[in-house]
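Chain A is the first sequence line, chain B the second, and so forth, proteins listed ahead of strands; every chain is numbered from 1.
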There are 2 protein chains.
Amino acid sequence: MNVGILTIGNELTSGRIQDRNAAPIARAVREQGWRVSAMLSAGDDEDAIRDALDFLLGRAEAIIVTGGLGPTADDITTAAVARAFDLPLCLDEAVLSHIRERFAERRLVWTDNNAKQALFPQGASLIANPAGTAAGFAVQREGKVVAVIPGVPGEVCRMLPEGVIPLLRRLFPEATLPLATATFRLFGIPEAALDAALADAGLAGLGVEVGFYPNFPENHLVLTARAASAAEAAARLAAAGERVEARVGRRIFARDGETIETIVARLLTAHGLTLALAESCTGGLIADHLTDIPGSSIFFERGAVTYSNTAKMALLGVPEAVLAAHGAVSEPTARLMAEGIRRTAGTDLGLAVTGIAGPGGGTEAKPVGTLFVALAAGEETLCRRYALRWDRRRNKIMAAFLALMMLRRRLAGEADDGC
Amino acid sequence: MNVGILTIGNELTSGRIQDRNAAPIARAVREQGWRVSAMLSAGDDEDAIRDALDFLLGRAEAIIVTGGLGPTADDITTAAVARAFDLPLCLDEAVLSHIRERFAERRLVWTDNNAKQALFPQGASLIANPAGTAAGFAVQREGKVVAVIPGVPGEVCRMLPEGVIPLLRRLFPEATLPLATATFRLFGIPEAALDAALADAGLAGLGVEVGFYPNFPENHLVLTARAASAAEAAARLAAAGERVEARVGRRIFARDGETIETIVARLLTAHGLTLALAESCTGGLIADHLTDIPGSSIFFERGAVTYSNTAKMALLGVPEAVLAAHGAVSEPTARLMAEGIRRTAGTDLGLAVTGIAGPGGGTEAKPVGTLFVALAAGEETLCRRYALRWDRRRNKIMAAFLALMMLRRRLAGEADDGC
């Protein structure tokens, strides 16, 4: 089956915002074994939208549309789709009262233009929005379907798998083969090297599609197996997974739904261990990641963002002499930070990072990107030096990732190879 | 003038890679006062490319194409454009020897498929590539232009301003209008209410375009004025800005490039004030935001992520009795956290947040989303209670934003209205 993707919004055609919806939609479509015939972006302009719909309707059985469902005057997607299908707009009382309830709950001032979000083309099937106000909808004509959802990425990533894809699977059963997918999260192997490593794995021969999705600092590998039966698809997926493991197994740190944070949280909880953090260059990012996990208070005792030397001395007990002799960004300081936070917090583990995120602060001996990660656990304190080479934000993200990876290896009882 | 944008590559239609070229191209087009009529992505497929070109040629005078200029078999953009314009391909000897030189310089193995990058449609004007191997080109027919450049973002960001835009300006002198834009960042007013408030502002009458861009928890308002002269465009923009100020001025917290973090950083630096943070439910997010700003060590002394009561007592000196009597999420605790971190860090200001991010931990008296923000400054400590209603992550984001807003109001000497 051919699928067209249409993302709508002046913010896209003005370049104000980089579209973040087309790629995940294309990925979801591909995972179903369907083909993306074209991806289009149009402004909030009725002629442009109609034009784009005509183009896509000529090239696809299903069209997924995002954007322009807001309450404001510039949001005209619903009206444009209705006119393109020659359908009148009808008010959905249930949706209207739902929107009013949301406003009441949030104590928001009601303005009548919000009622616009309860208008749908006659006969449209609604697509629930579990993450926002605007419901989506789908209209059909001559065996073709146009499914419309809001353009807010956080809403798309819920409504696509929960609403749009199931709807299209129901409407196009003949185009829907049972499928099985697996995701591998890898670190420390560039996309091209990953591609080369799997070149002779014969995954296509197994009827398994491979997708590479760079997601700094990770690379995600998605295997999709389709077959006549679910069992067959699962068998093919398993066989493909084994071949991937055999080739790049040591670069895989997580599978499917897991992330480095959830793995660390699971291992800490399972072992009944507590953790404290001493962050310098990551500035609280590691603590932010860990506290995104519900229930993290079970294992996370405290974090110290010790940006100044005074703070490193006061909160972590790093001696002034060490800071003077080796500097704040040094192995001795990193080790003492990890041991200091572990001691003062009274936790089982102490994890510390100190480095130079940039753009300033670099020296000959310690250029921008210099990073030390230390983990105080049991009898020993492990410390590693890294050289990062990105911008300030990405250096922070990479530093936080490397620190959590060190912690993960320790908790999993793996040898520490530094990545 | 209408411009169409076509980004080509299977990596785009497969969702493997999120296109990063369309937005900067659209922005550059808009900065010329031109209009983007449509943006299309197509795979490395001749029919799809031809199809897309036909669609865009019917809707724009100029088309900017990226991608598919590489040496490998799947790169067919040049051939597809040539065929769409019924032009033969001709070898450009100068370009061929330039490519051979690059290979020699880099000691790369020459393979004949690289000669493909020296083939161009007959009569095409070349667009130099200062950042890579593949040159771009432009072909014209019946007053329409198709400009083609490689899809590597690093090459696009050079060839667009240095080659493509100047070329189009030369070819369409009459279509070059000056334009002026302004961005307002608002908080505490929903998109619909913002739209309603500006409905009678007559901005369109001033020839000023309005765009609303929700960006949780902010709403961004972008004004774009186009006129015969730069002075006229600036005058229209200024007039429109005044009308916006008059209607929603008190909801505007930042303009153009500024963010809540950069404003706080600028004010702290300007006043020579130092800050320390005590974060509970935000888990380090406020510190992460502030330390994203280069040079933040000038004003940011330390942050304490006090997730446990023990940490609140040890690092902030919150008495056990207060925690027992009022709980960790309470006004007395929030006040003592702010005063405690200020005292122990010896900073001018102490900012603290404590709350229940959810999904668990709520009670009848203190439901999920209960938040206390406290700011210890000068002689007084300000404390406010909020009720947040989002998921865990968005409650953290909103809490961090509310805390920084309280700090901003204090630093700017504004009355504290809570939002």
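Of the atoms belonging to A:R106, heavy atoms from both backbone and side chain fall under 4.5 Å from chain B. Both the backbone and the side chain of A:L285 come within less than 4.5 Å of a heavy atom of chain B. Of the two parts of A:N309, neither the backbone nor the side chain holds a non-hydrogen atom closer than 4.5 Å to a non-hydrogen atom of chain B. Using a 4.5 Å cut-off between heavy atoms, A:A357 makes no contact with chain B at all. Using a 4.5 Å cut-off between heavy atoms, B:P24 contacts chain A through its side chain alone, with no backbone atom that close. Using a 4.5 Å cut-off between heavy atoms, A:T111 contacts chain B through its side chain alone, with no backbone atom that close. Only the backbone of B:I293 comes within contact range of chain A, judged by heavy atoms closer than 4.5 Å.
Side-chain contact between B:D195 and A:N113 is present, with at least one heavy-atom pair separated by less than 4.5 Å. At a threshold of 4.5 Å between non-hydrogen side-chain atoms, the residues B:R35 and A:D45 count as touching. Under the 4.5 Å side-chain criterion, counting only non-hydrogen atoms from C-beta, B:D19 is not in contact with A:D19. With contacts defined as side-chain heavy-atom distances shorter than 4.5 Å, the pair A:R302/B:T306 does not qualify. Taking the side chain as every heavy atom from C-beta outward, B:R389 and A:R107 approach each other to under 4.5 Å.
Considering every non-hydrogen atom in both A:T291 and B:T282, the closest pair reads OG1-O, 4.4 Å. What you find for A:A26 and B:T13 is that their closest heavy atoms are CB-O, 3.5 Å. Heavy-atom minimum distance, A:A38 versus B:L40: CB-CD2, 4.1 Å. The two residues B:M39 and A:L12 have their closest heavy-atom pair at SD-O, 3.5 Å. For A:S296 against B:R392, the heavy-atom pair with the smallest separation is OG-NH2, 3.6 Å.
Ranked by heavy-atom pairs under 4.5 Å with chain B, the first of A:D51, A:V29, A:D74 is A:D51. Across A:A304, A:A42, A:S297, the residue that shares the most heavy-atom pairs under 4.5 angstrom with chain B is A:S297. Ranked by non-hydrogen atom pairs under 4.5 Å with chain A, the options B:A199, B:G361, B:A287, B:G346 are led by B:A287. Across B:E301, B:R20, B:K312, the residue that shares the most heavy-atom pairs under 4.5 angstrom with chain A is B:E301. Counting heavy-atom pairs closer than 4.5 Å to chain B, the top-ranked of the candidates A:G284, A:G303, A:P71, A:S37 is A:G303. Contact count against chain A (heavy-atom pairs under 4.5 Å) is highest for B:Y307 among B:F300, B:Y307, B:W390.
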field: Trace of the salt bridge (Lys or Arg N to Asp or Glu O under 4.0 Å) decision for B:D292 with A:K396
entry: CA-CA 8 Å; B:D292 275 348; A:K396 284 179 69 177; 2.7 Å; yes
- request: Dump the intermediate steps for side-chain contact (heavy atoms from CB on, under 4.5 Å) on B:L277 and A:V305, then the final yes or no.
  value: CA-CA 9 Å; B:L277 300 169; A:V305 184; over 6 Å; no
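Under a 4.0 Å N-O distance rule, the pair A:R393/B:D288 qualifies as a salt bridge.
A distance of 8.5 Å separates CG in A:D54 from CZ in B:F55, rounded to the nearest 0.5 Å.
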